[in-house]
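Only one structure is covered here, and it is reproduced in the block below.
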Amino acid sequence: MSRLACVLALVSSAALLFSQQACADDLLKLATGAPANWENQPAPLGQQAGLFKKHGIELEILGTQGSGETMQAVIAGSVDVGVGVGTYGAFAAFAKGAPIRAIGNQTTGAHDLYWYVRADSQIHSFKDANGKSIAFSSTGSSTNTIVLALIKQFGVAASPTATGSPASTYTAVMSGQIDVGWSSPPLGVEALDEGKIRIVARGSDVPSLQNQTVRLIVANADALAHRQDALRRFMQAYAETMDWMYADDAALRMYAASAKIPFEVAKRARDEFYPKNNLRPDRLSGIDQAMADALAMKFLPAPLTRQQLDEFFKYQLPPKP
């Protein structure tokens, strides 16, 4: 009997272990630049609220200095998913054979991005930036794209300069190392209210970007090949979290606490700079214009073929009915 009891105990333990493994959440590693920005909150807020767990997903979130760094982490396989990767940079990497695929829209338009100067600067509009240094986050990012577009649009001979995150850029501007900085809320909102800085240009000043997907959610191709179901559930949780973020002020309170900003600043950032329709993950728009702009700005030597585009966007989240 003791021998039988021992066997039964072993079988019971094995069954319990199997059950625990079967029920364990799928771990996905995710990278994102500007982790304090509202547009980058679906992953941390959704995880905190239990919405990713509801879909059997656990996230390990890595903050980066910008979308160029995020994209490199995805290409290297250090992470499974990258959030907020510039569309043109992603096109260019894919064209060179990088293992990167788009799985959804992260941002349409550039309503959130703005360029600013110190209050005592002699620059009063982007037209005054001739010969000045203009900040962007990292090479291949959407801020890189917009700076090039602004320079072309206003006909100035400025010097685009990679400065990393909004926080490091703000330090560079206020210390006089950079003439024109870039940012997106919440960083800079209080400084604007206090008159420490002035806005001289916005991403929305570039007409071709207003209805264009400028940043993507991307995945490593190998991760997609082997973990497609987990990534599909990730996107379902992401979309559900986005709906909740605009429907419940509890999300704003959680965001304000994590970003260490007043609730009013968090609400202004969401309502003024981040229209929900621009952040819908199922919304991919202006792709033909994005291709034309990527060519004009020399991110691409030749347009991607229809076959290449179909492969690049093969796993995108289907549009809502």
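Because the structure is predicted, anything quoted here is derived from the model rather than measured. Because only heavy atoms are used, hydrogens play no part in the values below, and waters and symmetry mates are left out as well, while side chains stay in.
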For a 4.5 angstrom cut-off between non-hydrogen side-chain atoms, does Met245 reach Arg270? no

Hey, is the main chain of Val74 close enough, under 3.5 Å, to the side chain of Ser78 for a donor-acceptor pair? no

Roughly how far, to the nearest 0.5 Å, is the CZ atom of Arg280 from the OH atom of Tyr246? 12.0 Å

Is there side-chain contact between Leu216 and Asn105, with at least one heavy-atom pair below 4.5 Å? no

Quick check for you: to the nearest 0.5 Å, what is the distance between Asp293 atom CG and Thr145 atom OG1? 8.5 Å

Verify whether one side chain among Trp182 and Thr169 offers a donor that lies under 3.5 Å from an acceptor in the other. yes

In the structure I gave you, are the side-chain heavy atoms of Ile134 and Asp179 within less than 4.5 Å of one another anywhere? no

Do Ser159 and Ser133 have side-chain atoms, one donor and one acceptor, less than 3.5 Å apart? no

Side-chain contact test, heavy atoms from C-beta onward, threshold under 4.5 Å: evaluate it for Ile178 versus Thr161 and give yes or no. yes

Does a side chain donor of either His55 or Glu240 reach within less than 3.5 Å of an acceptor in the other side chain? yes

How far does NZ of Lys127 sit from CZ of Phe154, to the nearest 0.5 angstrom? 7.0 Å

Does the side-chain contact (heavy atoms from CB on, under 4.5 Å) test come out yes or no for Leu28 and Leu231, once each step is laid out? CA-CA 8 Å; Leu28 290 175; Leu231 287 163; 4.1 Å; yes

Check Lys196 with Glu190, please: is the shortest side-chain N to carboxylate O separation under 4.0 Å? no

Determine, using ring centers only, whether Trp38 and Phe273 are less than 6.0 Å apart. no

4.5 Å side-chain heavy-atom contact, Met242 and Leu279: yes

Value rounded to 0.5 Å, distance of CG in Leu187 from CD1 in Ile261: 9.5 Å

Asp205 CG to Leu113 CG distance, which is reported to the nearest 0.5 Å: 11.5 Å

Verify whether one side chain among Asn278 and Glu39 offers a donor that lies under 3.5 Å from an acceptor in the other. no

Pair Phe263 and Tyr255, ring centroids less than 6.0 Å apart: no

So, taking the atom named CZ in Phe299 and the one named CE in Met291, what distance separates them when rounded to the nearest 0.5 Å? 13.5 Å

Can Tyr274 and Ser184 be said to form a side-chain contact (heavy atoms from CB on, under 4.5 Å), step by step? CA-CA 10 Å; Tyr274 295 105; Ser184 55; 3.7 Å; yes

Checking Gln307 against Thr305: is there a side-chain donor and acceptor pair closer than 3.5 Å? no

Ile146 versus Leu209: any side-chain heavy-atom pair under 4.5 Å? yes

Between Asp229 and Arg233, is there a side-chain N and carboxylate O pair less than 4.0 Å apart? yes

Tell me whether the centres of the aromatic rings in Phe234 and Phe52 are closer together than 6.0 Å. yes

Please assess Arg118 against Arg198 for the test side-chain contact (heavy atoms from CB on, under 4.5 Å), listing each intermediate value before the final yes or no. CA-CA 6 Å; Arg118 289 187 344 187; Arg198 290 183 284 105; over 6 Å; no

Ignoring hydrogens and angles, state whether a donor on the side chain of Ser165 or Ser168 is under 3.5 Å from an acceptor on the partner side chain. yes

Around atom CD of Glu194, are there more than 12 heavy atoms from other residues, nucleotides or ligands closer than 6.0 Å? yes

Does a side-chain heavy-atom distance below 4.5 Å link Thr107 with Thr213? no

Verdict with reasoning, Leu148 to Phe136, per side-chain contact (heavy atoms from CB on, under 4.5 Å): CA-CA 10 Å; Leu148 295 176; Phe136 65 89; over 6 Å; no

